[in-house]
Amino acid sequence: MRGVLKLYKKLLTKYPLRVQAIQAGTLMALGDQIAQNLVERKRIQDLDLVRTAQFASIGFFIAGPVTRTWYEILDKHIGSKGGTVVFKKVCYDQLLFAPTFLLVLLSAIGFLQGNDIQNLKVKLGNEYTDILKSNYKIWPMVQLLNFYYIPLQYQVLIVQSVALLWNTYISYRTCLRTHE
């Protein structure tokens, strides 16, 4: 285990964006599989592997790189230590980033599901507000702890680890509607 952590740290230092993109893609795919297996209770032969690949690609191409870049911006412009700094980071994260990122995430999922602009608007109208409210029940506290205790290079890993359950919820909420 120690060797794996050492390798992770080495790769994270050398290739931070790639490592965090891969971990985000992997954890988003895993969240979708948890949704399909444990929440939706699909049988193995009924699993939607294309859907899982879509979630992985969103994590790899959007969630990992965007989150990594956002945390670097916060650290550069607000700082990294102190209660006031942490509070400001959480406020910026939850009032600016979260609503915007959620809109991008739900739009990406909708487009990958084959929705056109009109259907996407309807889908967003039906889901966005409820999912954003759910976001505010979880993420402010997670981010408060993340920004206060966790060094910058590990913040995406912490968020993506917690997001495993969040991604399960997002997968279930957004994909359930396509099958009803």
**Q** CZ of Phe111: more than 12 outside heavy atoms within 6.0 angstrom?
**A** yes

**Q** Using 30° and 60° as the class boundaries, would you call the ring planes of Phe97 and Phe101 parallel, tilted or perpendicular?
**A** parallel

**Q** Check whether Ile138 and Tyr148 end up in the same hydrophobic cluster, where Ile, Leu, Val, Met, Phe, Trp and Tyr are linked by side-chain heavy atoms less than 4.5 Å apart.
**A** yes

**Q** At their closest point, which heavy atom of Ser57 faces which heavy atom of Leu112, and how far apart are they?
**A** OG-CD1, 4.1 Å

**Q** Taking everything shown except Tyr128 itself, do over 12 heavy atoms lie less than 6.0 Å from its OH?
**A** yes

**Q** Can you hop from Leu12 to Leu5 via hydrophobic side chains spaced under 4.5 Å?
**A** no

**Q** Is there a continuous path of hydrophobic side-chain contacts, each under 4.5 Å between heavy atoms, that joins Val85 to Phe87?
**A** no

**Q** Quick one, Phe147 with Ile158, criterion side chain to side chain contact (heavy atoms under 4.5 Å, CB included). Give me CA distance, side-chain angles, the key distance, then yes/no.
**A** CA-CA 10 Å; Phe147 292 143; Ile158 296 303; over 6 Å; no

**Q** Between Thr168 (side chain only) and Leu164 (backbone N and O only), is there a donor and an acceptor less than 3.5 Å apart?
**A** yes

**Q** Going through the checks in order, is the side chain to side chain contact (heavy atoms under 4.5 Å, CB included) test met by Leu106 and Lys123?
**A** CA-CA 9 Å; Leu106 296 177; Lys123 191 171 178 58; over 6 Å; no

**Q** Where do Asn167 and Gln160 come nearest, in terms of heavy atoms and distance?
**A** ND2-OE1, 4.0 Å

**Q** To check you understand the geometry: which heavy-atom pair defines the closest contact between Leu96 and Thr100, and what is its length?
**A** O-OG1, 2.9 Å

**Q** Donor-acceptor pair, Tyr154 side chain versus Lys9 backbone, under 3.5 Å?
**A** no

**Q** What donor-acceptor contacts under 3.5 angstrom involve side-chain atoms of residues 65-74, with partners at least two apart or in another chain?
**A**
{"residue": "Thr67", "atom": "OG1", "partner": "Ala63", "partner atom": "O", "Å": "2.6"}
{"residue": "Arg68", "atom": "NE", "partner": "Glu72", "partner atom": "OE2", "Å": "2.9"}
{"residue": "Arg68", "atom": "NH1", "partner": "Gln20", "partner atom": "OE1", "Å": "3.4"}
{"residue": "Arg68", "atom": "NH2", "partner": "Glu72", "partner atom": "OE2", "Å": "2.7"}
{"residue": "Thr69", "atom": "OG1", "partner": "Pro65", "partner atom": "O", "Å": "2.8"}
{"residue": "Trp70", "atom": "NE1", "partner": "Asp93", "partner atom": "OD1", "Å": "2.8"}
{"residue": "Tyr71", "atom": "OH", "partner": "Gln143", "partner atom": "NE2", "Å": "2.8"}

**Q** Just verifying a value: how many Å separate Ser107 OG and Ile117 CD1, rounded to the nearest 0.5 Å?
**A** 8.0 Å

**Q** Mind listing the closest non-hydrogen atom pair of Leu132 and Pro99 along with its distance?
**A** CD1-CA, 4.0 Å

**Q** Are Val19 and Leu17 connected into the same hydrophobic cluster when the rule is that any two of I, L, V, M, F, W, Y join if their side-chain heavy atoms are below 4.5 Å apart?
**A** no

**Q** Hey, what do you get for CD (Gln155) to CG (Asp75), rounding to the nearest 0.5 Å?
**A** 6.5 Å

**Q** Within the 4.5 Å heavy-atom criterion, are Asn119 and Gln113 side-chain neighbours or not?
**A** no

**Q** Could you list the donor-acceptor pairs under 3.5 angstrom formed between side-chain atoms of residues 24-33 and any protein atom two or more places apart in sequence or on another chain?
**A**
{"residue": "Thr26", "atom": "OG1", "partner": "Ile22", "partner atom": "O", "Å": "2.8"}
{"residue": "Asp32", "atom": "OD1", "partner": "Arg51", "partner atom": "NE", "Å": "2.5"}
{"residue": "Asp32", "atom": "OD1", "partner": "Arg51", "partner atom": "NH2", "Å": "3.0"}
{"residue": "Asp32", "atom": "OD1", "partner": "Ser171", "partner atom": "OG", "Å": "2.5"}
{"residue": "Asp32", "atom": "OD2", "partner": "Gln36", "partner atom": "NE2", "Å": "2.6"}
{"residue": "Asp32", "atom": "OD2", "partner": "Thr52", "partner atom": "N", "Å": "3.3"}
{"residue": "Asp32", "atom": "OD2", "partner": "Thr52", "partner atom": "OG1", "Å": "2.5"}
{"residue": "Gln33", "atom": "OE1", "partner": "Asn37", "partner atom": "ND2", "Å": "3.0"}
{"residue": "Gln33", "atom": "NE2", "partner": "Thr52", "partner atom": "OG1", "Å": "2.6"}

**Q** Would you compute the distance between atom CG of Asp46 and atom CG of Asp48 and round it to the nearest 0.5 angstrom?
**A** 10.0 Å

**Q** Ile58 vs Ile109, test: side chain to side chain contact (heavy atoms under 4.5 Å, CB included). Steps then yes/no.
**A** CA-CA 8 Å; Ile58 290 169; Ile109 293 168; 3.5 Å; yes

**Q** Give the C-alpha distance, both sets of side-chain angles, the deciding distance and a yes or no for side chain to side chain contact (heavy atoms under 4.5 Å, CB included) between Val156 and Val159.
**A** CA-CA 5 Å; Val156 174; Val159 164; 5.7 Å; no

**Q** Would a hydrophobic clustering, with Ile, Leu, Val, Met, Phe, Trp and Tyr connected at side-chain separations under 4.5 Å, put Tyr149 with Leu157?
**A** yes

**Q** Where do Val90 and Pro140 come nearest, in terms of heavy atoms and distance?
**A** CG1-O, 3.9 Å

**Q** Are the side chains of Asn146 and Trp139 in contact, using a 4.5 Å heavy-atom criterion?
**A** no

**Q** Answer yes or no: are there more than 12 heavy-atom neighbours, outside Tyr136 itself, under 6.0 Å from its atom OH?
**A** yes

**Q** Could you tell me the separation between the CD1 atom of Ile131 and the OG1 atom of Thr174, rounded to the nearest 0.5 Å?
**A** 6.5 Å

**Q** When rounded to the nearest 0.5 angstrom, what is the spacing between CG in Asn115 and NZ in Lys121?
**A** 13.0 Å

**Q** Could you measure the distance from the CG atom of Asn135 to the OH atom of Tyr169? Nearest 0.5 Å is fine.
**A** 9.5 Å

**Q** Taking all non-hydrogen atoms of both residues, which atom of Ile78 and which atom of Tyr92 are closest, and how far apart?
**A** CD1-CD1, 3.1 Å

**Q** Please name all residues satisfying salt bridge (charged side-chain N to carboxylate O under 4.0 Å, His left out) with Asp116, sequence neighbours left out, ordered by chain then number.
**A** none

**Q** Can you tell if the side chain of Arg18 reaches within under 4.5 Å of the side chain of Leu11, non-hydrogen atoms only?
**A** no

**Q** Does any N or O in the side chain of Glu40 come within less than 3.5 Å of the main-chain N or O of Cys175, such that one atom is a donor and the other an acceptor?
**A** no

